[in-house]
Amino acid sequence: MREKRVSKKDNLFAASRFVLPEHREMYLRIKAEERRYIPPELDEEQLAAVSERIWEAFQTGGVVSLTYYDGEAARRLSGRVVHIDPASRQLKLRSGEKTLRIPFARLLDAELTAIS
């Protein structure tokens, strides 16, 4: 049987199979950073629209659906705005049995939800 010839290019990549643990960890850390979710920054008009919808939901007692950044990804939660605290720049949202505090800086979007 005839032996397959290995080119220099193939030989170079075959030699790169051996990776030091430190390099592997660094590579995995870089890949995790690339996959990390970075929330969009809202401009003044978007912030005003989100603020207006939240305030309207608070005043009417209506249900609002908030999209917020929880530190890892964008999350969506629906509930009633119980309290708006301008001093700590947070709002309290009651969703079912649980109450969640969401900082204003983490808000991405707000939509009023019609109750049917």
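For the numbers below, each heavy atom of this structure counts, side chains included, while hydrogens, waters and symmetry mates do not.
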Worksheet item: For atom CD of E45, is the number of surrounding heavy atoms from other residues, nucleotides or ligands below 6.0 Å larger than 12?
Response: no
Discussion item. With side chain to side chain contact (heavy atoms under 4.5 Å, CB included) as the criterion, how do T60 and L112 come out once you've worked through the C-alpha distance, each side chain's angles and the decisive distance to 0.1 Å?
Written reply: CA-CA 11 Å; T60 62; L112 293 173; 5.8 Å; no
Identify the two heavy atoms, one from [X] and one from [Y], that lie closest to each other, and give their separation to 0.1 Å.
| X | Y | result |
| --- | --- | --- |
| F104 | P86 | CE1-CA, 4.5 Å |
| R106 | G71 | NH1-N, 3.3 Å |
| L108 | V50 | O-CG2, 4.2 Å |

What pairs of residues pass the salt bridge (charged side-chain N to carboxylate O under 4.0 Å, His left out) test when at least one of them lies in [range], not counting sequence neighbours?
| range | value |
| --- | --- |
| residues 46-70 | R53-D109, D70-R75 |
| residues 20-33 | K31-E34, E33-R36 |
| residues 84-105 | none |

Taking C-beta and beyond as the side chain, do [X] and [Y] meet within less than 4.5 Å on heavy atoms?
| X | Y | answer |
| --- | --- | --- |
| L42 | L107 | no |
| L91 | Y68 | no |
| V81 | L66 | no |

Response to the item:
Rounded to the nearest 0.5 Å, the CG atom of L100 sits from the CD atom of Q90 at a distance of 9.5 Å
Worksheet item: So, does S95 use its side chain to make a donor-acceptor pair with the main chain of S78 at under 3.5 Å?
Response: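 Answer holds: yes.
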Discussion item. With clusters defined by side-chain heavy atoms of hydrophobic residues (ILVMFWY) lying less than 4.5 Å apart, directly or transitively, does I54 cluster with V82?
Written reply: no
